[in-house]
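In what follows, a single structure is set out as structure tokens and then discussed.
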Amino acid sequence: MHRLLDGRLNEKMLMLGNEAIARGALEAGVSFAASYPGTPSSEIALQFFQISRESDLYFEYSANEKVALEVAAGAAMCGLKTMVSMKHVGVNVASDALMTLAYTGITGALVLVAADDPFMFSSQNEQDSRYYAKLGNLPMLEPSSVNEAKEMAKYAFDLSEKLQLPIILRTTTRINHASGVVTLGHLPERKTRGSFIKDPFSYVCIPSVSRNLHPKLLDKIEKAAAISNSSTWNRIEGNGRLGIVCNGVSYGYVSDALQEFGIADQFRVLRVGFSHPFPDELVCNFLAGCEKVLVVEEGEPYMEDAVRNCAQQYGLMLPVNGKGERLFSRLYEYDPAEVKKVVASYFNIPHQPARSIEIEDLPAVPPRPPNLCPGCPHRATYVAVRAVLGDEAIYPTDIGCYTLGLLPPLSMGDFLIAMGAGLGTAGGFARATGRKVVAFIGDSTFFHSGLSPLASAVFNNHDFTLVILDNGTTAMTGHQPHPGANIRHLGLPLSPLSIEDVVVGLGVQKVITVNPFQYRKTLEAVQDVAAYRGVSVLIARAACPLYDRTIPGFKRKRPFYVNHEKCQNHRDCVTKVACPAFYVGNQGLEIDADRCTGCALCAQICPENAISPILNKEVTS
Amino acid sequence: MKTTRIMIVAVGGQGNILAARILGEAAVAAGIEVRMSEFHGMAQRGGVVESMVLLGDGKGYCISDGNADILLGFEPCETIRAAKKCGADSVVITNTATLPPFTVALGKDQYPDVDSATTLLSGRVKKLIAFDASSLALRAGSSLVLNMVMLGALAQSGVVNLPTELLQRIIREKTKKEFVNMNITAFEFGMQKAAGCL
């Protein structure tokens with residue numbers, strides 16, 4: 001049985017934040033979940049995917065976050081309890097549907113987990129998703145601990161049902177990827193079948209309908225404000241004159257700092273967990289008892305502005321600060337020591353920060369950047385494209401493992417902003433410069449947001465080459481399936497879509513598919529598509545080696561070795577291919593047989609044919 | 001209960017997350033409060049993996065510079081990189097067997113001199129235990145059980161309030177059946193090494 005379906009009532013279980021969120025949803029009776037994976041949210045969907053295979057929970061990996069929200073919205077319109085989970089930038093994709101779903105509302109429940117990534121551990125920006133709640137008039141909850149993440153996820157369903165509105169559960173990486181002890185609650189039966197009652201003049205958002213729905217939404221959000229003002233998620237601790245308003249993980253840092261200072265009685269701390277609608281009345285009462293207030297929140301001054309707004313509303317003149325010089329930053333993740341330091345300096349508390357040992361004279365440590373894996377097919381494709389087009393072409397790229405092609409010596413990646421945008425921007429680069437443009441996109445990203453820009457490029461007669469790096473999975477986030485992935489080995493009755501058929505169906509006239517590990521053929525194919533005027537597509541197809549070895553029946557290929565009698569030390573294998581299975585040994589370049597996947601790319605590039613498969617080595621899978 | 005902060009650093013694939021999980025599960029079984037967080041951005045692609053395990057009172061999930069009570073380093077380069085987490089009262093337990101980054105393997109970067117680095121470190125922290133844990137893992141049966149060797153050394157050092165028997169029980173309960181015996185052997189090697197018996 002799945003771990004999250006197991007356990008006795010009130011049992012304590014160590015869980016990852018993302019597991020806790022999934023468990024909270026299960027305790028609320030979630031019956032329908034959908035997601036497109038994205039760090040730091042991916043493990044929420046993973047739990048649902050696994051659980052859906054042994055229960056009546058419905059889960060799907062949708063093609064993108066907008067589709068995930070929409071499919072869940074359909075089910076929620078029929079009275080089901082639904083959850084969608086995504087990373088912060090996924091909310092951008094889903095936002096078009098979300099802003100008007102707020103108008104129709106839902107009849108069941110819909111909880112959207114928006115996982116922010118301060119410091120950008122694995123993201124392209126560190127946008128603060130809290131503004132979506134404000135923008136869309138949607139209630140928002142923000143947990144400060146793993147156990148609270150579970151409790152809030154559960155509560156979010158009740159709130160959604162009560163208000164008939166989607167609810168945003170907003171987390172940060174340090175909650176999603178933290179682990180803590182969770183107290184298990186009751187797991188109810190799921191209601192898996194709903195009914196849809198037609199009401200087009202409430203649900204079909206033509207202007208005349210929406211003009212009625214907008215005031216209804218404002219009524220709902222007013223009700224939500226009353227709930228927020230009395231919510232136990234917004235709680236005041238202490239009754240001193242020094243005020244701190246905080247949220248999320250910052251609350252833990254504040255709490256630990258005050259504990260350490262030993263003067264908690266001088267403070268009054270407001271932890272905001274129900275952060276939209278902002279609990280204005282509660283905050284005003286809080287401010288009235290304070291001399292000065294510090295707002296501690298990662299990201300943008302969302303609460304700081306709201307607190308100032310409250311002070312102005314009630315004519316309070318006390319100082320309210322948060323972001324600024326010698327205060328908190330709008331950048332990156334906070335650190336307990338930084339919070340301690342700012343709290344101490346703002347309130348003039350004597351404080352001796354913990355001292356690190358001397359490290360300046362320790363030897364310099366080489367960086368350990370992530371790299372494309374040994375046997376990664378993307379490397380093979382990049383080597384071939386670079387061999388044909390070098391630095392002459394412009395290479396807009398996209399989001400996935402293959403973004404790592406940016407690193408030298410491959411150096412394939414000139415522009416990257418968002419999912420699908422490598423393909424979207426290609427036509428602009430080509431029109432503006434007249435230069436050859438080669439855009440890269442992964443298979444999962446292609447289905448996520450590559451179809452519309454490709455159709456648009458064909459229609460508008462652009463001139464560029466699109467390389468679809470098809471490794472058969474969503475590799476970067478942990479090998480989730482996507483519409484083009486073959487997952488029949490999991491026994492699921494889903495048929496993969498053919499990328500070729502899609503590309504041809506969108507009107508592309510020049511399409512070639514290659515196995516990038518066949519180097520000569522790939523070179524020819526790159527020359528062929530690059531010479532074509534108009535939109536051409538090269539599909540480079542070979543399995544992700546990390547994923548491949550998890551598939552039943554996987555057979556390991558023979559690893560390769562460097563024959564030192566033949567090697568003339570041209571070093572093309574490292575200066576052009578840069579596979580991390582190579583190292584410098586006593587006799588020169590060597591291949592680590594444990595890391596080599598036997599892809600044979602280097603063997604085809606070596607000018608002396610000095611790289612060959614190990615014949616006598618016992619090969620095991 | 002006073003907070004004990006354990007920083008675990010490793011390279012992707014060395015089993016850092018599982019080691020942290022064992023400590024966490026042992027704490028739950030012992031009724032000790034536990035909070036952990038992990039950073040594994042692109043671990044499978046050769047990057048650095050960090051885990052922070054906080055036992056006892058408190059609400060935060062991470063460890064600031066100078067604040068680690070214990071630094072457990074599965075690879076010497078990563079131990080040096082994380083040294084700023086240590087203060088004068090910290091205990092450092094580090095593997096001395098290297099796993100050079102790709103750039104070093106190709107001669108583009110220099111790997112630091114491990115001996116001189118550990119000598120410098122040992123004079124600045126309360127205690128430093130440095131040994132070749134990778135060879136002990138191999139002796140126990142597989143390079144994959146390095147994490148258990150390190151946990152054994154941590155248990156023996158006595159700086160964590162988790163009984164050895166409990167840790168062994170959790171290893172038996174929470175690790176893959178086919179690895180349990182090897183894991184326990186590796187754990188014991190780590191203990192013996194830290195006790196100076198190996």
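Only this structure's heavy atoms are used, side chains among them; waters, hydrogens and symmetry mates stay out. To find a chain, count down the sequence lines: A is the first, B the second, and so on, and within it residues start at 1.
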For a 4.5 angstrom cut-off between non-hydrogen side-chain atoms, does A/Asn371 reach B/Pro101? no
Any chance you could measure A/Gln259, atom CD, to B/Thr3, atom OG1, to the nearest 0.5 Å? 9.0 Å
Which atoms of A/Pro367 come close to chain B, meaning under 4.5 Å heavy atom to heavy atom: side chain ones, backbone ones, both, or neither? both
Residue selection (most heavy-atom pairs with chain A, distance under 4.5 Å) from B/Ser64, B/Pro100, B/Gly66, B/Ser37: B/Ser64
Once you round to the nearest 0.5 Å, how far does CG of A/Leu589 lie from CG of B/Leu106? 7.0 Å
Is B/Val28 close to chain A through its backbone or its side chain, or both, or neither, when contacts mean heavy atoms under 4.5 Å? side chain
Between B/Cys62 and A/Tyr253, is any pair of side-chain heavy atoms under 4.5 Å apart? yes
Tell me, for B/Ala83 versus chain A, whether the close heavy atoms (under 4.5 Å) come from the side chain, the backbone, both or neither. both
Rounded at 0.5 Å granularity, tell me how far CG in A/Asp592 sits from CZ in B/Phe102. 12.0 Å
Is it the side chain or the backbone of A/Cys579 that comes within 4.5 Å of chain B heavy atoms, both, or neither? backbone
Closer than 3.5 angstrom, by distance alone: can the side chain of B/Tyr61 be matched with the main-chain N or O of A/Val146 as a donor-acceptor pair? yes
Minimal non-hydrogen separation, A/Ser255 against B/Lys59, with atom names: OG-NZ, 3.2 Å
Do A/Thr173 and B/Phe39 come within less than 4.5 Å of each other through their side chains, counting heavy atoms only? no
Pick one of side chain, backbone, both or neither for B/Asp113, based on which atoms fall under 4.5 Å of a heavy atom in chain A. backbone
Is A/Asp256 in contact with chain B via its backbone, its side chain, both, or neither, using a 4.5 Å heavy-atom distance? side chain
Over 12 non-hydrogen atoms of neighbours within 6.0 angstrom of CZ in A/Phe119: no
List the atom of B/Gly107, the atom of A/Val584, and the distance in Å for their closest heavy-atom pair. N-CG2, 4.1 Å
Nearest 0.5 Å, what's the CG-CD1 distance between B/Leu121 and A/Ile357? 5.0 Å
Say you draw a straight line from CD1 of B/Ile17 to OG of A/Ser179; how long is it, rounded to the nearest 0.5 Å? 8.5 Å
Could you look at A/Met15 and say if it's the side chain, the backbone, both or neither that has a heavy atom under 4.5 Å from chain B? backbone
Please classify the contact between A/Val254 and chain B as side chain, backbone, both or neither, with a heavy-atom cut-off of under 4.5 Å. neither
In terms of heavy-atom proximity below 4.5 Å to chain B, should A/Asn176 be classed as side chain, backbone, both, or neither? neither
Residue among A/Val574, A/Asp361, A/Val181 with most heavy-atom pairs under 4.5 Å to chain B: A/Asp361
A/Arg355 CZ: over 12 foreign heavy atoms closer than 6.0 Å: no
Evaluate whether atom CG of B/Asn181 has more than 12 neighbouring non-hydrogen atoms of other residues, nucleotides or ligands under 6.0 angstrom away. no
Scored by heavy-atom pairs under 4.5 Å with chain A, the best of B/Cys86, B/Gly24, B/Gly87, B/Ala117 is B/Cys86
Identify which part of B/Gln110 has an atom lying under 4.5 Å from any heavy atom of chain A, answering side chain, backbone, both or neither. backbone
Any side-chain heavy-atom pair of B/Arg35 and A/Ser145 under 4.5 Å: no
Test item: B/Cys77 and A/Arg368 side chains (from C-beta on) under 4.5 Å apart, heavy atoms: yes
Taking C-beta and beyond as the side chain, do A/Leu14 and B/Met36 meet within less than 4.5 Å on heavy atoms? yes
Between A/Leu16 and B/Glu38, is a side chain to side chain contact (heavy atoms under 4.5 Å, CB included) present by the stated rule, with each step listed? CA-CA 10 Å; A/Leu16 193 67; B/Glu38 55 195 53; 4.0 Å; yes
CD of B/Glu25 to CE of A/Met13, rounded to nearest 0.5 Å, is 8.5 Å
Top of B/Glu33, B/Met52, B/Arg21 for chain A proximity - count of heavy-atom pairs under 4.5 angstrom: B/Arg21
Min side-chain heavy-atom separation B/Arg124-A/Ile359 under 4.5 Å: no
